[in-house]
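As the structure is a prediction and not an experimental result, all values here were calculated from the model.
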Amino acid sequence: MQKLILDGQENTSDHHESDENHQNHDQCIVVPTMLNAIADGFIKKEKSWFATSQLPSDLSIRVEDITFYVHKYPLIARCGYLNQIELHEPQNSHLGYDIKLEKFPGGSETFETIVKFCYGLPISLNPANVAALRCGSEFLEMTEAMEEGNLISKTEAFFTFVALSSWNDTIAVIKSCEMLSPWAENLQIVRRCCDSIAWKIFRENSSAGEIIMNEGTWWFDDVSTLRIDFFMRIITAVSVKGIKPEIIGSCIMNYGEKCLPSMYGDTKGMDCKSGTNRRNDSQWSITSGRIVETSIGQNKEQRTIIESLISILPPQKETVSCKFLLRLLKMSIVYAASPALISELEKRIGMVLENASTNDLLIPTYAVGEQTINSNEEQTIHNIDVVQRILDYFLMYEQQKLQQQELKSTTLNISKLFDSYLVEIARDPNVSITKFRVLAESLPRHVRTCHDGLYRAIDTYLKTHPSLSEHDRRRLCKIMDCGKLSLDGCMHAAQNERLPMRIIIQVLLSEQVKMRAAVHGKDITESDDNSDKENSWSSTKNEVKSLREELENVKIQMAELHRDYSELQQEYEKTNNKHRSPWTSGWRKMKKSALFIRKMIEDETQEGEHKVKPGRRTQSIS
């Protein structure tokens, strides 16, 4: 333990060594008596401190809930504040003068150490109490004008030449400043600590040359234990000194992991402080459309942490992960952060949306304090509007890119991600069909190369909303392109009773096209491996053309059937009283015709490459 012996006059200590040369951070200054010994020490009785002396105490000073019974002369000799106070005569002779120090920095513990110093008793200076003693001595005006070598100069020297030279000591000093506002700020203690920490970070990273990411994170855990305003000042200082944005972003994520509350009710990430030294254990969960707050945490403090982290994010794109940005967004909505910061965060997420996962996009609708939901307004579980805005920002950024190849690969990932998100929100019974359609159509049609994911989302929505009308079902299924379904998707959709009949017919035709193309491609491969690609493409076009002609013929026959149906209906109305009617026989003809058409399509599917004669198809349809 390094000691500094002072004998009535101020002596200068040897220059302290660097952080590597001293292991013990509890530095000590022993101050011998400079006055005739008035008190040998202090004893505590309940909430009072008494000076052990043969002379009775003539001054009582109250700090917080502790009363100090001391002698007047040792204190007023070194404390200008007490010297200037007009001391009234005591009401009780055995109590002496009575003074109460309001909002004394450091509290009764710091004042006890200062009283011992005034009595000439030895005191110990260390990184944990030097800031409090510096603020307390400033409060009491213990300057050199009162006495040479007073407490202000000694604490200032220890802080400047001892504490700031060590990383651990500097961290300990700035932590102790959390309860010393505004004195620590006014005396520049916090600023000097932040500048010292930033300089040490920059010096270590610069001396190592090209920093590997893991090696540049040695300071993360220490700064993540600081209060959010101190952390912000350190991050700002290291940014000015030129630390890489990637390292700064990793430090912010590390701080957020330890300080942000969990979204699922665990106690991880609740160790940091925002305004006081109390831990905020606020947890919440969503159950049946209601948000439950399980503790009395300070929501304002958590909101301060969230807004502060958003404000210091590096502007570069890849410095912070998309997962962390979405977690910040969830917390911002839950704790009702500033709308401007939420909008800025949404834009940041839009730049890296391709790196997100489906669970990350499930953003809750409710904020802390919303205990019930208005029964007249059906609220969705997840905030769909936020995801809609994020997607719009993403598409806007993608349009600004110049490389088409990069655009294609990025949007392909987005289509899979977005379809998976549609499946999740489709399970919410409160999602309206209009909102679901608008969200599904937000992604341009050319982005989706395969509509299997979109079909799965539509099918999930139809399961969750079985009461949809036939019109709404057709309107919902219009956003799906049956031609972009895979063969497995077509087979599933063809047997899906929840889909409208018109969609099933389109799926069957699409399935037939795909099967013909598959069989045709197989035949070409088996017959001639060196066939020309142009001939294959022309044959495929001929197949598509013939299928279109057949589809037009089916439409014509359907129109004729519709006319026959109208005539039969009129005839049925005329002969309503007869037991057998042309309507019944006509309807049977229609039914047989329709069944024959379906059997014909199935035969074509099974036969594969064998084509059906046009004359037979026309005859069967008629």
Leu325 and its side-chain contact (heavy atoms from CB on, under 4.5 Å) partner, picked from Ile390, Leu313, Asn355: Leu313
Output yes when a side-chain donor or acceptor of [X] lies under 3.5 Å from a complementary backbone atom of [Y], and no otherwise.
X	Y	answer
Thr464	Asp428	no
Ser239	Ile248	no
His451	Leu485	no
Thr225	Asp222	yes
Ser166	Ala163	no
Asp169	Pro127	no
Lys484	Arg445	yes
Ser250	Glu246	yes
Arg192	Gln188	yes
Glu470	Pro500	no

Check this for me: does any side-chain nitrogen of one of [X] and [Y] sit under 4.0 Å from a carboxylate oxygen of the other?
X	Y	value
Asp195	Arg191	yes
Asp221	Lys258	yes
Arg427	Glu424	yes
Glu185	Arg233	yes
Arg327	Asp360	no
Arg498	Asp459	yes

Quick one, [X] and [Y] - any side-chain contact, counting heavy atoms below 4.5 Å?
X	Y	value
Leu439	Ile425	yes
Tyr397	Leu353	no
Ile349	Leu326	yes
Trp219	Cys251	yes
Leu443	Ser415	yes
Ile342	Leu329	yes
Leu361	Leu417	yes
Arg448	Leu454	yes

What is the minimum heavy-atom distance between [X] and [Y], and which atoms define it?
X	Y	result
Gly453	Val423	O-CG2, 4.2 Å
Ile504	Ala494	CG2-O, 3.8 Å
Thr319	Met253	O-CE, 4.2 Å
Val190	Cys177	CG2-CB, 3.9 Å
Val387	Phe418	CG1-CE1, 4.3 Å
Ile479	Ala440	CD1-CB, 3.7 Å

At what distance, to the nearest 0.5 angstrom, does [atom1] of [X] lie from [atom2] of [Y]?
X	Y	atom1	atom2	result
Phe220	Ser224	CZ	OG	10.0 Å
Leu345	Ser311	CG	OG	11.5 Å
Ile433	Leu476	CD1	CG	4.5 Å
Met396	Asp392	CE	CG	9.0 Å
Ile312	Ile310	CD1	CD1	10.5 Å
Phe394	Glu346	CZ	CD	16.0 Å

If we ignore angles and hydrogens, is there a donor and acceptor under 3.5 Å between the side chains of [X] and [Y]?
X	Y	result
Asp452	Ser486	yes
Ser469	Asp472	yes
Tyr455	Asn496	yes
Lys200	Ser196	yes
Gln388	Ser442	yes

More than 12 heavy atoms from other groups under 6.0 Å of CZ on Arg475: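 Correct, the count exceeds 12.
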Residues, nucleotides or ligands: over 12 heavy atoms within 6.0 Å of Met232 CE: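 Yes.
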Side chain to side chain contact (heavy atoms under 4.5 Å, CB included) assessment of Met480 paired with Ile503: CA-CA 9 Å; Met480 178 180 62; Ile503 301 299; 4.1 Å; yes
Phe230 six-ring centre to Arg227 NZ/CZ under 6.0 Å and within 45° of normal: yes
Aromatic plane relationship, Tyr461 with His465 - under 30° parallel, 30 to 60° tilted, over 60° perpendicular: parallel
Test side chain to side chain contact (heavy atoms under 4.5 Å, CB included) applied to Met351 and Tyr393, step by step: CA-CA 7 Å; Met351 297 173 63; Tyr393 289 133; over 6 Å; no
Stepwise side chain to side chain contact (heavy atoms under 4.5 Å, CB included) test for Ile235 and Tyr255: CA-CA 11 Å; Ile235 292 298; Tyr255 189 92; over 6 Å; no
Working for side chain to side chain contact (heavy atoms under 4.5 Å, CB included), residues Ile458 and Leu462: CA-CA 6 Å; Ile458 293 174; Leu462 293 177; 4.2 Å; yes
